[in-house]
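Fair warning: this is a prediction, and the values are worked out from it, not measured in the lab. Start at 1 and go down the list; that is how both ligands and their atoms are numbered.
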Amino acid sequence: MNHDTIAILDFGSQYTQLIARRIRELGVFSVIYPHDTTLEMLMTDESLKGIILSGGPNSVNDDVLMAMDERIFECGLPVLGICYGMQKMVHHYGGTIDSGKRPEYGVSEITVDVTDPLFEGLSKIQKVWMSHGDDVSMLVGPLIILASSNHHVIASIRHEMRPLYGVQFHPEVRNTEHGTKMLSNFVFKICQAEKGWQMAAFADEEIKKIKDLVGDKHVLLGLSGGVDSSVAARLIHQAIGDQLTSVYVDHGLMREGETEEIMDAFHTHEGFNIIKVDAKALFLSRLKGITDPEMKRKVIGQTFIDVFKAEASKLRHFDFLAQGTLYTDVIESGIGVAKTIKSHHNVGGLPKDLGFRLVEPLKTLFKDEVRVLGKTLGLPDSIVNRQPFPGPGLAIRIIGEVTPQSLSMVRESDRILRDVIKAHGLEAVVWQSLSVLTPIRSVGVMGDNRTYGYVLALRAITSIDGMTADWARLPYEVLEEASSKITNRIKGITRVVYDITSKPPATIEWE
Ligand code: XMP
């Protein structure tokens, strides 16, 4: 594909992926590299037009770990350092960074030099998002100030002669009012990149790559029904037709009606080989007595592999295994230096030592880009817009042992909540909704009788990418309807509560 690229060096900021997404939203491809990637390595990409240095939690005054190839500053390509990245640049040119003297967190007002291309088209006063403990206290050499905050913090700098820029604030965060415009100025005016990143072109290019890679060999795919494996399946099917065989392992931990929906979406698609394995009983028996969340994830993952392998060996010889690995997964499993909070298990993600070569056509895409690709490929909305659903399924929404009874309670409650949200036209607002069955029992009254049943928690969140989330302000009547339907229809539940915690500090799932 013919497209220009912006490289992002990751110094461990929580926002690194956001920078990459913003650049792609501008129609320019972006790739995240580890902070210590060498100049030679970066230069192997002939489409490279500029480099962004991300922020990060460290201080340039005492870091040893965050090494970077400082020849990048002299290579001639434009560089934009964000927060820590700017401090790295200042440090390189001999300036001074103070630690903890003038920290700023939140929105600040800055005054910018509108004659510089970075701030072209903007007004002099800008509202920007600051999040720093360190700041630049002295500039020397060829660096000059482009903007200062109302707290007298140097907010932006540039090199007098070279296209080297720094911003102390975060233009990638929406709270920086005109951050997108600043990034766009950097990408188009300073790096002179051209738009060329489009999904239809991406699909054509990937289809060709898959054809070349696979030739006349056969590919096996674990279809989970989630957006990623579904889009991968459709894309690979377009490339190699019946050389692809998809296996759907029914682990019995799906939401109501989901298995049928998935089968419908693919079964009816001409020439699509799909095999459904009913492993519900096996999963339940292996989960018996297990209450620890990480253990549940492990058992489910291992059982999935066992079933999948056994099924594949019955079919034929496969040279390739296809996976719906996303860019986020690639970053999480190695490139990134930001801290991982929860070890996600994706049942679609099989270990690499199964003896297959891998086909991973989505591994440069973000989730929202995969949805666009799915639409481009003609997948139904029910699949493309499906709420994210964890690989271990409803098992991690049951605090305690997974039994047929607990599964049925949480499944029914999930359906009721989703139906109520849909009936009130709130589907598009809610990024994810879930029911969590707790092991807490509480006293209730029904008719004239005392009851003693379980507490069920409802959770609905709004989010952009699941990295952060806010609890959805569902109207009281929606909560009331869900609560009353759940306590009336699901035997054994006496009390319904609504989770009003954001992420952070909580995670989206309870386990
Ligand atoms: P957390 O709970 O970490 O979840 O805030 C963020 C998003 O990831 C989903 N999730 C998982 N997905 N395997 C998955 O494939 C997992 O083990 C897993 N745990 C959480 C969660 O539903 C949310 O969308």
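If you check the side chains of Asp470 and Thr462, you find no donor sitting under 3.5 Å from an acceptor.
Partner of Ile52 under the side-chain contact (heavy atoms from CB on, under 4.5 Å) criterion, out of Thr16, Ile32, Val187, Ile19: Ile19 alone.
Counting heavy atoms under 4.0 Å from ligand 1, residue Trp431 touches it through the side chain alone. Here Pro388 has side-chain heavy atoms under 4.0 Å from ligand 1, and that is the only part of it that gets that close.
Partners of Arg418 under the salt bridge (charged side-chain N to carboxylate O under 4.0 Å, His left out) rule, at least two apart in sequence or in another chain, are Asp414. By the ring-ring contact (aromatic ring centres under 6.0 Å, His included) test, Phe266 is found to be paired with Phe272, residues two or more places apart in sequence or in another chain being considered.
Using a 4.0 Å cut-off to heavy atoms of Pro392, the atoms of ligand 1 that qualify are 13 (N), 16 (C), 17 (O). In summary, the atoms of ligand 1 found under 4.0 Å from a heavy atom of Gln432, numbered by their order in the structure, are 21 (C), 22 (O), 23 (C), 24 (O). Listed by atom number, the atoms of ligand 1 under 4.0 Å from Thr507 heavy atoms are 1 (P), 2 (O), 5 (O). Every atom of ligand 1 with a heavy atom of Gly391 under 4.0 Å away is listed here by number and element: 12 (N), 13 (N), 14 (C), 15 (O).
Between the side chain of Arg371 and the backbone N or O of Val227 there is no donor-acceptor pair closer than 3.5 Å.
A cation-pi arrangement, defined by a distance under 6.0 Å to the six-membered ring centre and an angle within 45 degrees of its axis, is present between Arg21 and Phe366.
If you check each of Glu509, Arg297, Lys296, Lys503 against atom 22 (O) of ligand 1, the one with the closest non-hydrogen atom is Glu509.
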